[in-house]
Amino acid sequence: MSEGVLHAGAGHAVHHADYLEEPKGLWSWLTTVDHKRIGLMYMWSVLFFFLVGGIFALLIRLELLTPKQTIMDAETYNRVFTLHGAIMTFLVIIPAIPAALGNFALPLLLGAKDVAFPRLNLASLYVYWTGAAMAVATLALGGVDTGWTFYTPYSTTTGGGVTLMVLAAFVLGFSSIFTGVNFIATIHKLRAPGMGWFEMPLFCWGMYATALIQILATPVLGITLLLIVMERVLGVGIFDPQLGGDPVLFQHFFWFYSHPAVYIMILPAMAVISEVIPTFSKKTIFGYKAIAFSSVAIALLGFLVWAHHMFVAGMSLFAGAIFSFLTFFIAIPSAIKVFNWIATMWRGSISLEAPMLHAISFLLIFTIGGLTGLFLAALSTDVHLHDTYFVVAHFHYVMAGSNLIAMLAGMHYWWPKMYGRLYNKKLAAISAAVIFIGFNLTFLPQFVLGSRGMPRRYFNYLPQFQDLHVASTIGSWVLAAGLFLTAAYLLASFRQPKGMTANPWGGRSLEWETSSPPTTHNFEGQPVLQHGPYDYRPEPAPVGVKELAH
Amino acid sequence: MSHVNEHAHPVTGPKTYGLVLLALLVLTVITVQASYFDFGPWNTVVALLIASAKGSLVALFFMHLRHDKFNAVIFVGGLLFLAVFLIWTLFDIATRQPVLPSNLKTPVQEFPGAPLGAPVRPSTGQPRGTPAL
Amino acid sequence: MSTATPSAHAHAEHGHTPFLQHHFREMSQQFDAARIGMWLFLVTEVLLFGGLFVGYGIMHARHPEAFVAAHHHLDKTLGALNTVVLLVSSFTMVLSVWAAQTSRKKLLVLFLLLTLACAGTFMVVKYFEYSHKFHEGLLPGKYYSHKGDTVPGQFLFFSFYFMMTGLHGIHVLLGMAAIAWLVVRALKGHFSSQYYSPVEITGLYWHLVDLIWIYLFPLMYLIS
């Protein structure tokens, strides 16, 4: 297997310092414009906040062990689930795969030296940190207890740190927009010569579709958040019925962003899966164009359905019917993808490495998450299921289960490229199983709880629900154990010296044709595409990196 | 004119821009004059049409979209989604009756502290306990 | 009218101008990327302001009498004047792009300064309009204290008036800062037909600021 990167005509491998080594020093990291370093800083930031949000989750589940107060009072409980939701949504899931894995991998997959706007990339990281600091600072103001959805009139009239939290989310929105702008320009303008739109890896299509949503939807969240602040500070009157406003209008504004936002969450996850499955099936992806177009279709359709969150909010029945009808269509491109991934695995040469184990978990969990969405899309059943644990289970299956597990798949897949080291494969397989079991044990009972009437965001509950709550809480401990195990062996991998080959998994996309870790400029010379990103035919065209005459 | 252009990008000259400015100023006069006429329910439509004519001139000529199909698609796409936001919201807002004072059997005050049928100073009362920030 | 000669290094064969960033192969690619990036950002601005327009439209439809009564407090002449000022500023801005495209450094600086002057005029007129409103108690939301209204609820209109013109004004100020920065760079001789994308993309932003006002003016000042 080739070590490092070959210079055409030089006849021997030349070792250049990789992007981790050179330049040195903390300041060089804080002022970097290297997409790989920025991606890593995002990754660790996101993982940190995942830990924080996860601790809040464990606290929630602990409280719900018994029907009455267990470890906290009702007011505190409201603040805990609000912060859990806000941190997980705005600080973890939305940025995670695009800003961490996307930043690291996108230019490599495209054969580019960096994203289109490297300084904007660094700016987006600093904006993220600023928004995160503001969000954490709300704890000092007594926290926020509105739920992460900030529904009016409560959010416009209650005390606490609502204004600061809302402004934090506003700032974080810019981080998301900057990333989106960068990715679209990069994909349009920085593909390697010979790489047409249908020759780039599907991960890039996923990033592109995600970026479309980031650009179109986030500004509306921005204005919504500003309007909350204006209501609180000035009493403008847009959402307050006593002043002639309409609280349901707030929900239209809010969900116009927040529904497409869930596709900002799932499309990158699907993008990772589209990379992992072909590599570990040693088979070309089934239905490349179908998957590519489905990604864009999901992004665009996602803008037409937001008020399915509002069926019982006081909206008109006419609107309810339209939004319900349109919502069903999203299932089609989603299902196309799932079928295509399975078809890719069919008769492939499957190797059950950690990334693939997580990808298979994803297939199972996402299918459940997606199908349960249909129950909620149907107006008549949603009337019974809205604001119950059924909804909580559904969105955790797609957000936590699918997105989180895809993030793990991506991290495990690209870890050797990022750090030039591999983790303990046996522990990785064990933790993948533990996470899968723990996740399902946590959230499967919640479907039952919800359909039997257990409301969400409730601090206490009727005794007949306790058994399922206890099962769910135990599941959360198993899940946490799996995640801590993952953290442990990933951190332990740093004890090894760097010494990874360029292509440990036998992948066919461009990132595997440069060293692990890459040099700062990614490739020696300008890579020219020799074969497709999923070309696993027995005798592929010779791979190598050509230097273009400058 | 320089020969080694940064980009093979047609250069529009001041004369064209000047004509466009003239058209924009004329349309501004028209829009002000039109506001003195009452077109009934079409008032807003007329205003928006004239504004859109001005906007198109700015976009096509000043923003160079005449020569730039690609970015024109981006811009129009954005407008399209704004239209979706408005229209889909109206699916709801326009098909339900807000609880206006006149709809109720016993009339209530729309703006608390504003007695019906008399000149008033409208109250902008906030619910109790609203913090300033 | 002088034609600036392109600087020596910019004129090199297969030129690597000093402004070519390392991850781009050639200037045209970099320029295209910059424009795509700015247009995408403009789309976000359209949706940001668009949200306010949607809110305004819906509130206007819900409270037509209040909105019509309230808008009479706005001075149509000042509004029209500001519209003209911004249109002229768009004109001077695009002329500055033309000057950069044709390597006319002195004209470039002149037109940028004229654009700044128009923007400043706009803000001064805004200042007078706002002072008048504050004086009359025509303030947003709960600060509304105007006396002698016959139609209740006019504070709603002023909530939107201040939010929309305020947000727009902030964008004018940010645009002025960007244009001032361009003046500094232009004086240093950074721009020519070889490289003028910062001027072009700042121009795009400025035209959007104008576009928003083109819609704001009739919808706020001229409704009847």
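Worth knowing before you read on, the calculation uses all heavy atoms, side chains too, and leaves out hydrogens, waters and symmetry mates. Every chain is numbered from 1, with letters handed out A, B, ... down the list of sequences.
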With rounding to the nearest 0.5 Å, note down the distance linking [atom1] in [X] to [atom2] in [Y].
X	Y	atom1	atom2	answer
A/Tyr257	C/Leu47	OH	CG	13.5 Å
C/Phe24	A/Lys113	CZ	NZ	12.0 Å
A/Ile223	C/Phe53	CD1	CZ	10.5 Å
C/Ser159	A/Ile238	OG	CD1	9.5 Å
A/Leu234	C/Tyr144	CG	OH	15.0 Å
A/Phe178	C/Thr44	CZ	OG1	8.5 Å

(request) With a 4.5 Å heavy-atom cut-off (strictly below), which parts of residues 122-139 of chain C touch chain A? List them by number. (result)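 From residues 122-139 of chain C, none sit under 4.5 Å of chain A.
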
(request) Taking heavy atoms only and a threshold strictly under 4.5 Å, list by residue number the residues of residues 160-188 of chain C that touch chain A; give 'none' if the list is empty. (result)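 At a heavy-atom separation under 4.5 Å, chain A is reached by C/Phe160, C/Met163, C/Leu167.
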
(message) Working note: A/Arg119 + C/Gln21, criterion side-chain contact (heavy atoms from CB on, under 4.5 Å); need CA distance, chi angles, decisive distance, verdict.
(response) CA-CA 11 Å; A/Arg119 289 170 298 186; C/Gln21 292 173 23; 3.4 Å; yes

Portion of [X] that has a non-hydrogen atom of chain C nearer than 4.5 angstrom:
X	value
A/Leu227	side chain
A/His521	side chain
A/Ile177	side chain

(request) Mind ranking A/Ala116, A/Gly245, A/Ala185 by heavy-atom pairs under 4.5 Å with chain C and telling me who comes out on top? (result)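 Most heavy-atom pairs within the cutoff with chain C belong to A/Ala116.
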
(request) Kindly determine whether C/Ile36 and A/His188 satisfy side-chain contact (heavy atoms from CB on, under 4.5 Å), including the steps that lead there. (result) CA-CA 9 Å; C/Ile36 292 176; A/His188 273 284; 4.1 Å; yes

(message) Any side-chain to backbone donor/acceptor pair from C/Gln29 onto A/Leu190? Under 3.5 Å, distance only.
(response)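 No; zero donor-acceptor contacts below 3.5 Å.
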
(message) When you measure from the side chain of C/His63 to the backbone of A/Gly244, do you find a donor-acceptor pair of N or O atoms at a distance under 3.5 Å?
(response)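 Side chain of C/His63 to backbone of A/Gly244: a pair is present.
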
(request) Could you pull out the closest heavy-atom pair between A/Leu243 and C/Phe155, with the gap in Å? (result)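 Scanning both residues completely, I find the closest heavy atoms to be O-CZ, 3.6 Å.
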
(message) Report which part of C/Glu45 has an atom under 4.5 Å of a heavy atom belonging to chain A: side chain, backbone, both, or neither.
(response)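 Neither part.
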
(message) Apply side-chain contact (heavy atoms from CB on, under 4.5 Å) to residues A/Val181 and C/Met38 and explain how you reach the verdict.
(response) CA-CA 8 Å; A/Val181 169; C/Met38 178 50 76; over 6 Å; no

(request) Select all residues of residues 208-219 of chain A having any heavy atom within less than 4.5 Å of some heavy atom of chain C, and report them by number, or 'none'. (result)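 Against chain C, the residues of residues 208-219 of chain A that fall inside the cut-off (heavy atoms, under 4.5 Å) are A/Ile215, A/Leu216, A/Pro219.
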
(message) So, using ring-ring contact (aromatic ring centres under 6.0 Å, His included) as the criterion, who are the partners of A/Phe254 when residues are at least two apart?
(response)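 In terms of ring-ring contact (aromatic ring centres under 6.0 Å, His included), with neighbours along the sequence ignored, A/Phe254 is linked to A/Trp148, A/Phe250.
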
(request) Count the heavy atoms of every other residue, nucleotide or ligand shown that sit under 6.0 Å from CZ of A/Phe174, and state whether that count exceeds 12. (result)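 No, not enclosed.
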
(message) Within the structure provided, determine whether A/Pro193 and C/Arg25 are in side-chain contact (heavy-atom separation under 4.5 Å).
(response)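 Sidechains of C/Arg25 and A/Pro193: in contact.
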
